[in-house]
Amino acid sequence: MITTADGVIHTAQPSIRSVLYDYYKNLYTEPLAAPSINIQASQNNPPSATLTTPLTTQNILAAIKASPLNKSPGADGIPVEFYIAFWSIIEREMVEIMNALMTSSVIPSDICLGIMVLIPKIPCPKTALDYRPIILLNSDYKIFMRCMKTRLSTIFPHIIGPHQQC
């Protein structure tokens with residue numbers, strides 16, 4: 001059972017699913033204004049040069065090893081443990097894929113696809129607000145983003161003031 005903001009009670013599973021879907025779709029589809037930061041590799045800013053160099057096997061393996069284990073996988077169902085267990089087999093393809101993502105202007109939607117799971121905040125949830133949404137992301141996406149985070153962390157001190165946090 002779920003109650004909407006206008007007091008309507010829904011008891012049928014398809015109706016509940018529709019109410020929750022609409023609530024979170026509306027909540028998370030508001031466009032965000034992304035700031036534009038242009039970081040050019042130059043002699044004045046040498047750390048930025050590392051942002052565009054190809055990822056190495058060591059970069060990607062370090063990101064895989066830094067990933068937490070025993071976590072729920074994303075839509076593809078592949079956990080981090082797979083990448084660890086089969087690294088010697090998939091290493092070359094992973095490096096190619098990760099570097100293709102770096103040079104692409106758009107990350108393919110199937111890689112960054114997430115599954116929203118609603119976790120009840122209270123024992124008997126009655127409204128959409130009584131759920132905490134979490135997004136299960138694909139492990140390859142998280143590995144790529146961990147590589148990007150590592151790279152960006154080298155230039156953060158040059159672009160973010162000491163009074164800011166990142």
Side-chain angles (χ1 to χ4, degrees), residues 1-37 39 51 55 59-87 90 93-94 97-102 104-157 159-166:
M1 176 179 77
I2 196 100
T3 306
T4 58
D6 58 0
V8 177
I9 297 172
H10 298 267
T11 56
Q13 199 68 353
S15 178
I16 293 170
R17 189 176 304 124
S18 177
V19 167
L20 292 172
Y21 175 83
D22 290 343
Y23 175 80
Y24 286 103
K25 181 180 178 198
N26 292 334
L27 183 65
Y28 293 118
T29 54
E30 185 177 319
L32 298 175
S36 176
I37 298 175
I39 302 169
L51 292 177
L55 290 168
N59 298 141
I60 299 167
L61 187 56
I64 292 170
K65 288 182 176 180
S67 300
L69 303 177
N70 299 316
K71 297 292 182 179
S72 297
D76 64 5
I78 303 173
V80 169
E81 289 83 355
F82 169 85
Y83 295 95
I84 294 169
F86 296 102
W87 180 247
I90 63 171
E93 289 83 1
M94 280 294 290
I97 291 167
M98 296 292 166
N99 282 312
L101 288 173
M102 279 193 57
S104 174
S105 60
V106 176
I107 296 176
S109 61
D110 58 333
I111 290 176
C112 54
L113 179 69
I115 298 173
M116 182 184 287
V117 178
L118 301 176
I119 309 295
K121 294 179 186 178
I122 60 174
C124 296
K126 292 180 176 50
T127 70
L129 289 171
D130 295 336
Y131 291 93
R132 176 176 293 112
I134 62 168
I135 307 295
L136 303 178
L137 298 169
N138 291 336
S139 296
D140 55 354
Y141 178 77
K142 291 190 274 188
I143 292 165
F144 178 70
M145 288 299 143
R146 193 175 302 276
C147 290
M148 295 299 95
K149 175 187 157 234
T150 301
R151 291 241 170 136
L152 286 170
S153 67
T154 64
I155 65 160
F156 283 157
I159 60 174
I160 296 176
H163 62 283
Q164 296 174 308
Q165 288 186 344
C166 185

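Just so it is clear, the values below take in all heavy atoms, side chains as well, and ignore hydrogens, waters and symmetry mates. Numbering starts at 1 and runs along the sequence shown.
Interatomic distance, CG of Leu118 versus OH of Tyr24, reported as 5.0 Å (0.5 Å rounding). Put simply, CE on Met145 and CG on Leu152 are 9.5 Å apart, with the number rounded to the nearest 0.5 Å. To the nearest 0.5 Å, atom CE of residue Met148 and atom OG of residue Ser153 are 11.0 Å apart. The OG1 atom of Thr4 lies 11.0 Å from the CG atom of Asp22; values are rounded to the nearest 0.5 Å. Taking CD1 of Ile97 as the start and OG of Ser104 as the end, the distance is 13.0 Å to the nearest 0.5 Å. In this structure, Cys147 SG and Leu61 CG are separated by 10.0 Å, a value rounded to the nearest 0.5 Å.
Under the 3.5 Å distance criterion, the side-chain polar atoms of Thr3 are left unmatched by any main-chain donor or acceptor of Gly7. Listed for the Asn59 side chain is no donor-acceptor partner under 3.5 Å among the backbone atoms of Leu55. Counting only distance, with no hydrogens or angles, the side chain of Asp130 and the backbone of Thr127 share a donor-acceptor pair below 3.5 Å.
The shortest distance between side-chain heavy atoms of Ile107 and Phe144 falls below 4.5 Å. Side-chain contact check for Tyr83 versus Ile60: every heavy-atom pair is 4.5 Å or farther apart.
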Show every donor-acceptor pair shorter than 3.5 Å between a side-chain atom in residues 131-138 and any protein atom, with sequence neighbours excluded, or say none if there are none.
residue, atom, partner, partner atom, Å
Asn138, OD1, Ala75, N, 2.9
Asn138, OD1, Asp76, N, 3.0
Asn138, ND2, Asp110, O, 3.1
Asn138, ND2, Ile111, O, 3.3

Exercise answer: donor-acceptor pairs, residues 63-74 side-chain atoms, under 3.5 Å, sequence neighbours excluded:
residue, atom, partner, partner atom, Å
Ser67, OG, Ala63, O, 2.8
Ser67, OG, Ile64, O, 3.4
Ser67, OG, Arg146, NE, 3.4

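Taking each heavy atom of Ile2 and Ala128 in turn, the nearest pair found is CD1-N, 3.8 Å. Across Ile16 and Met1, no two heavy atoms sit closer than the pair CD1-N, 3.6 Å.
Under the side chain to side chain contact (heavy atoms under 4.5 Å, CB included) criterion, Phe82 pairs with Ile78, Pro79, Phe86, Ile90, sequence neighbours left out.
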Just do the side chain to side chain contact (heavy atoms under 4.5 Å, CB included) check on Met98 and Glu93 with the steps written out, would you? CA-CA 9 Å; Met98 296 292 166; Glu93 289 83 1; over 6 Å; no

